[in-house]
Engineer: 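Structure incoming, see below.
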Amino acid sequence: MGCSSCGTATGGKPGGCKSNGGCSTGGCNRMNTYDWLRNMPMVDQESYCKVVEVSFNKGTRKDFFRNTTLQQFEKGDLITVEGVSGFDVGEISLTGEIVRLQMKKRNVREENPEMKKVLRYASDRDLDLMKQNKAREPEAVIRSRAIAKQLKLDMKISQVEMQADGRKATFFYIADGRVDFRELIKVYASEFKVKVEMRQIGARQEAGKVGGIGSCGRELCCSTWLTDFKSVNTTMARYQNLSINQTKLSGQCGRLKCCLNYELDTYLDALQHFPNNCDTIQVAKGTAYLVKKDIFKNLMWYSIQGSTTQYPLAIDSVKRIKSQNQQGIVPEELETVEVTSNKPKEVEPEFVDVVGQISLRSLEKADRKRRHQQKAKQQGGGQRPSSEGGRPPQRQGGEGKQQQGNNPQQSRQQRPNPNQQQQRRSGGQGGQQQKPTNEGQQKSGGGNQQQPQQQRGQRPPRPQGGGNQSKPNNNNNKQTPPKEG
């Protein structure tokens, strides 16, 4: 990493370097090293380190080169260095006394006669040639994988790195065992017209070259600052009380995450205070089995056989119960400890309309239209004929009254006469019975106004006129018509 304290402070700026996002060493670049000896004054120019560290392919590969020129290079300069049967272009990552520390870490001697040299600053021709050869790398990866599959080799080509002048190509591959690729090299040399170098890498190195985002949300450690890969096993997860879940503990490389090593030393130091032979203890209820150890609260959690309840016990209590069991004493119950959480209770925030008064005019307009349609539907439903009562609608009944009042002769002809029905039953005397009925109807002044009520099946009201006018003549009508209703 660029510096040890590159956390984010207020305003989104790094909290350690205070340089507004870009430190003097070039920022937190991939596989970068912080030059903490940069500002140290040089006492002797002759004892100054003449070796520089150069990174290739965006920091995925680094090497040391001797500076035999009279020029002083700075970090970030693009230079041309010696390559295999040609030249290569890289970027300077470290200069000065810090390079000697890195060489000592990687067991590289400064006086090594086989160390390659720095030629010059990279020219425009060198950079254009490098871009052309770098553009061939994706096609070379696809083609090399197809050739390896045709030869039925149990290997995977991960990456192809072309030299800047295009005379050499390094093929990085992954394989579980040894692979005989003598025939493969001949095919690659004739296919790509370059000098072939095969280099085997592991799954972690492949993830570092490809890069990506981890489950923590940050860029992978192997692609940013991690240079050496230590072995990781499931024992480290057990020390940290982590569930052995292969999918959660594995990284993008398919191996256990390297970050399991980061806090392992802290857990091992804290576990020294816990007893080792207290996996099971005896109480009156039965045997209690150790579930987990909480190093932050110095508690040991036990569960009794046949029960799912877990009991937290202090370290001193566990040691006391274990010593009693060794003496043959079985305590009555476990000395549990009340666990209190220091975490403040989260208060649910109230709803705040940060936008302001929200206007939903389109929804309100649609709602008003829907209510208006429902209201009109309810009003129109009362005028429709009802199938239960069998009564005609009110509008049609009103029109019937008006028509009968305006044309009493038509309503008189349509209305069945009970005297005519009685005449048909008796078989004669229809003329004598109908005549006085018509005379009685002519004499009654309000008879025509009572016709619609009699048609609806109601008893006609008594006329307010004389009683002789409403009653038929008994001399002419010998048979009394039957009463309706």
Engineer: For R320 and E335, what are the C-alpha separation, side-chain angles and deciding distance, and is it a salt bridge (Lys or Arg N to Asp or Glu O under 4.0 Å)?
Structural biologist: CA-CA 10 Å; R320 189 183 309 109; E335 300 176 3; 2.8 Å; yes

Engineer: May I ask you to say whether E139 pairs ionically with R136, meaning some side-chain N is under 4.0 Å from a carboxylate O?
Structural biologist: no

Engineer: So does R100 have more than 12 non-hydrogen atoms from other groups sitting under 6.0 Å from CZ?
Structural biologist: yes

Engineer: When you compare the side chains of S55 and E91, does any donor N or O come within less than 3.5 Å of an acceptor on the partner?
Structural biologist: no

Engineer: Check M162 against A169 and note the closest heavy-atom contact, atom names and distance.
Structural biologist: SD-CB, 3.6 Å

Engineer: Would you say that more than 12 heavy atoms from the other residues, nucleotides or ligands in this model lie under 6.0 Å from the CD of E333, or not?
Structural biologist: no

Engineer: Is the shortest heavy-atom distance from the side chain of E110 to the side chain of F64 under 4.5 Å?
Structural biologist: no

Engineer: For residues P331 and Q282, report the shortest heavy-atom separation together with the two atoms involved.
Structural biologist: CD-O, 3.4 Å

Engineer: Is there a donor-acceptor pair closer than 3.5 Å between any side-chain N or O of R167 and the backbone N or O of S85?
Structural biologist: yes

Engineer: Write down the atom of K156, the atom of E206, and the distance for their closest heavy-atom approach.
Structural biologist: NZ-OE2, 3.0 Å

Engineer: Is NZ or CZ of R199 both nearer than 6.0 Å to the six-membered ring centre of F172 and within 45° of the ring axis?
Structural biologist: no

Engineer: For a 4.5 angstrom cut-off between non-hydrogen side-chain atoms, does Q72 reach T95?
Structural biologist: no

Engineer: Does a donor on one side chain sit under 3.5 Å from an acceptor on the other, for N233 and S231?
Structural biologist: no

Engineer: Counting only heavy atoms not in Q150 (residues, nucleotides, ligands), do more than 12 fall under 6.0 Å from its CD?
Structural biologist: yes

Engineer: What pair of heavy atoms forms the shortest contact from Q252 to L220, and how long is it?
Structural biologist: OE1-CD1, 3.8 Å

Engineer: Can the ring centres of F171 and F181 be said to be less than 6.0 Å apart?
Structural biologist: no

Engineer: Can you tell whether the side chains of D128 and R125 come within less than 4.0 Å, N to carboxylate O?
Structural biologist: no

Engineer: Given side chains that start at C-beta, do those of N261 and V232 come closer than 4.5 Å, heavy atoms only?
Structural biologist: yes

Engineer: Does a sphere of radius 6.0 Å around OH in Y239 hold more than 12 heavy atoms from other residues, nucleotides or ligands, not counting ones at 6.0 Å or beyond?
Structural biologist: no

Engineer: Please examine the side chains of I174 and Q205, heavy atoms only from C-beta on, and report whether any two atoms are closer than 4.5 Å.
Structural biologist: no

Engineer: Should we say atom CZ of R182 is surrounded by more than 12 heavy atoms from elsewhere, each under 6.0 Å from it?
Structural biologist: no

Engineer: If you measure only the distance, is there a donor-acceptor pair under 3.5 Å linking the side chains of K257 and S215?
Structural biologist: yes

Engineer: Taking C-beta and beyond as the side chain, do C278 and L290 meet within less than 4.5 Å on heavy atoms?
Structural biologist: no

Engineer: Side-chain contact, heavy-atom cut-off 4.5 Å: D63 with F65?
Structural biologist: yes

Engineer: If we only count heavy atoms from C-beta on, is the M300 to D294 side-chain gap below 4.5 Å?
Structural biologist: no

Engineer: If you look at every heavy atom in K134 and P138, which pair is closest and at what distance?
Structural biologist: O-CD, 3.9 Å

Engineer: Looking only at heavy atoms, which two atoms of D77 and Y121 are closest? And how far apart?
Structural biologist: OD2-OH, 3.7 Å

Engineer: Tell me, do Y188 and I147 make a side-chain contact under 4.5 Å, heavy atoms counted?
Structural biologist: yes

Engineer: Check the surroundings of atom CG in D124: do more than 12 heavy atoms from other residues, nucleotides or ligands lie under 6.0 Å from it?
Structural biologist: no

Engineer: Looking at D126, D165, L127, D88, which hits side chain to side chain contact (heavy atoms under 4.5 Å, CB included) with T80?
Structural biologist: D126

Engineer: Does NZ in K297 sit with more than 12 non-hydrogen atoms of other residues, nucleotides or ligands closer than 6.0 Å?
Structural biologist: yes

Engineer: Within a radius of less than 6.0 Å around CD of E191, do more than 12 heavy atoms belonging to other residues, nucleotides or ligands occur?
Structural biologist: yes

Engineer: Under 3.5 Å, is there a donor on one side chain and an acceptor on the other for T247 and N245?
Structural biologist: yes

Engineer: Quick one: NZ on K62 to CG on N57, what's the gap to the nearest 0.5 Å?
Structural biologist: 13.0 Å

Engineer: Kindly determine whether E197 and K195 satisfy salt bridge (Lys or Arg N to Asp or Glu O under 4.0 Å), including the steps that lead there.
Structural biologist: CA-CA 7 Å; E197 179 184 355; K195 184 177 181 180; over 6 Å; no

Engineer: Mind checking the CD-CG spacing from E53 to L94? Nearest 0.5 Å is all I need.
Structural biologist: 4.5 Å

